[in-house]
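Here's the structure we're looking at; comments come further down.
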Amino acid sequence: MKQCLYICFLLLACDSTPDLPDAQKAGWKGQPVAEIIQDDKNARVLRCTFPPGVGHEKHYHVPHVGYAIQGSTFKITDEKGTRIVKVPTGTHFSKEDISIHEVINVGDSTAVFLIIEPK
C-alpha cells in the first residue's frame, strides 16, 4: 500500500503544466498574438507579434528557445516581480523549465519573436 501511495504521489507531482493557457492559446484582450508556423513530431514553432501597447496575458511556456526578429521594450511580470526590459533585435534566450509570465510591449515599435519548443 505504501508503494502505491508513493507512486500516486509521484504521478501527481509530475503534472507540471500550470492551469494557464500556453503561449499559443494565450492572447491579448481576446485577440491572438501567436501564430503556429510549424508543428510536427520534433518541434512547434510560434511567431508572436506585439505592436506597441499589445501584450501577452499570463501564460506558460514549455522549455523553449526564443529569438527576437524585431525587438522592443517590454514590461514583464513573472516570479521575479515586474520590470521593464529592453529586448534588442537579434536577442536570443532559452528556458529549460516551464516558465510563467505576462508581458506588454511598452516600446514604440512592433516586436516579433520566434519561439521554438522542442518535443
Side-chain angles (χ1 to χ4, degrees):
M1 183 68 173
K2 274 186 173 180
Q3 283 183 320
C4 180
L5 289 173
Y6 180 70
I7 291 170
C8 289
F9 174 77
L10 285 177
L11 289 174
L12 289 172
C14 289
D15 182 12
S16 56
T17 304
D19 189 21
L20 292 167
D22 73 1
Q24 189 270 321
K25 292 179 183 159
W28 186 254
K29 299 184 178 180
Q31 298 299 311
V33 295
E35 168 191 7
I36 297 174
I37 60 174
Q38 180 174 326
D39 193 358
D40 60 30
K41 66 179 184 169
N42 298 314
R44 181 171 80 161
V45 181
L46 305 173
R47 178 178 27 231
C48 302
T49 304
F50 305 101
V54 172
H56 210 177
E57 67 190 28
K58 189 173 184 179
H59 63 281
Y60 75 92
H61 285 273
V62 295
H64 64 282
V65 174
Y67 178 78
I69 297 170
Q70 176 63 48
S72 192
T73 302
F74 286 85
K75 181 168 87 171
I76 299 174
T77 302
D78 60 13
E79 74 280 351
K80 298 175 187 174
T82 300
R83 61 200 179 283
I84 302 296
V85 177
K86 186 170 179 112
V87 183
T89 298
T91 299
H92 58 88
F93 50 89
S94 64
K95 295 282 187 171
E96 294 181 12
D97 298 314
I98 290 178
S99 59
I100 298 172
H101 64 241
E102 179 174 287
V103 301
I104 184 167
N105 182 351
V106 295
D108 57 6
S109 63
T110 296
V112 181
F113 293 90
L114 281 182
I115 304 294
I116 301 146
E117 303 168 340
K119 292 185 179 176

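The shortest non-hydrogen separation linking Pro63 to Pro118 is O-CD, 3.8 Å. Considering all non-hydrogen atoms of both residues, Lys25 and Asp22 come closest at N-OD1, 2.8 Å. Closest approach of Ala43 to Ile116, counting heavy atoms only: CB-CG2, 4.5 Å. In terms of heavy-atom proximity, Ala68 sits nearest to Pro88 at CB-O, 3.7 Å. Heavy atoms only, all atoms of each residue included: Ala23 and Ala34 are closest at O-CB, 3.6 Å. The shortest non-hydrogen separation linking Val33 to Trp28 is CG1-CB, 4.1 Å.
Judged as a ring pair (Phe, Tyr, Trp, His ring centres under 6.0 Å), and not counting sequence neighbours, the contacts of Phe50 are His56, Phe74. Shown here are the ring pair (Phe, Tyr, Trp, His ring centres under 6.0 Å) partners of His64, two or more places apart in sequence or in another chain: His61. For Lys41, there are no salt bridge (Lys or Arg N to Asp or Glu O under 4.0 Å) partners at least two apart in sequence or on another chain. For Ile84, the side-chain contact (heavy atoms from CB on, under 4.5 Å) test picks out Thr73, Lys75, Val106, with sequence neighbours left out. The salt bridge (Lys or Arg N to Asp or Glu O under 4.0 Å) check on Glu35 picks up Arg47, with sequence neighbours excluded.
Between Gln70 and Thr89 there is a side-chain heavy-atom pair separated by less than 4.5 Å. Side-chain contact between His92 and Val65 is absent, with no heavy atoms from C-beta onward closer than 4.5 Å. With a 4.5 Å cut-off on side-chain heavy atoms, Ile115 and Cys48 count as touching. Side-chain contact between Leu114 and Ile37: present, with at least one pair of heavy atoms (C-beta onward) separated by less than 4.5 Å.
Residues Ile76 and Leu20 fall into different hydrophobic clusters, defined by Ile, Leu, Val, Met, Phe, Trp and Tyr side chains chained together at heavy-atom separations under 4.5 Å. By the rule that hydrophobic residues join a cluster once side-chain heavy atoms approach within less than 4.5 Å of another member, Val112 and Ile36 end up as members of separate clusters.
Between the CD1 atom of Ile100 and the CD atom of Glu79 there is a distance of 8.0 Å, given to the nearest 0.5 Å. Rounding to the nearest 0.5 Å places CD of Glu57 at 12.5 Å from CD1 of Ile104.
Between Lys119 and Asp40 no salt bridge is recorded (no basic side-chain N to carboxylate O distance below 4.0 Å).
Screening residues 101-116 for side chain to side chain donor-acceptor pair (under 3.5 Å) gives His59-His101, Ser72-Asn105 as the qualifying pairs, with residues at least two apart or on separate chains.
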Between Leu46 and Glu117, is the side chain to side chain contact (heavy atoms under 4.5 Å, CB included) condition met? List the steps. CA-CA 8 Å; Leu46 305 173; Glu117 303 168 340; 4.0 Å; yes
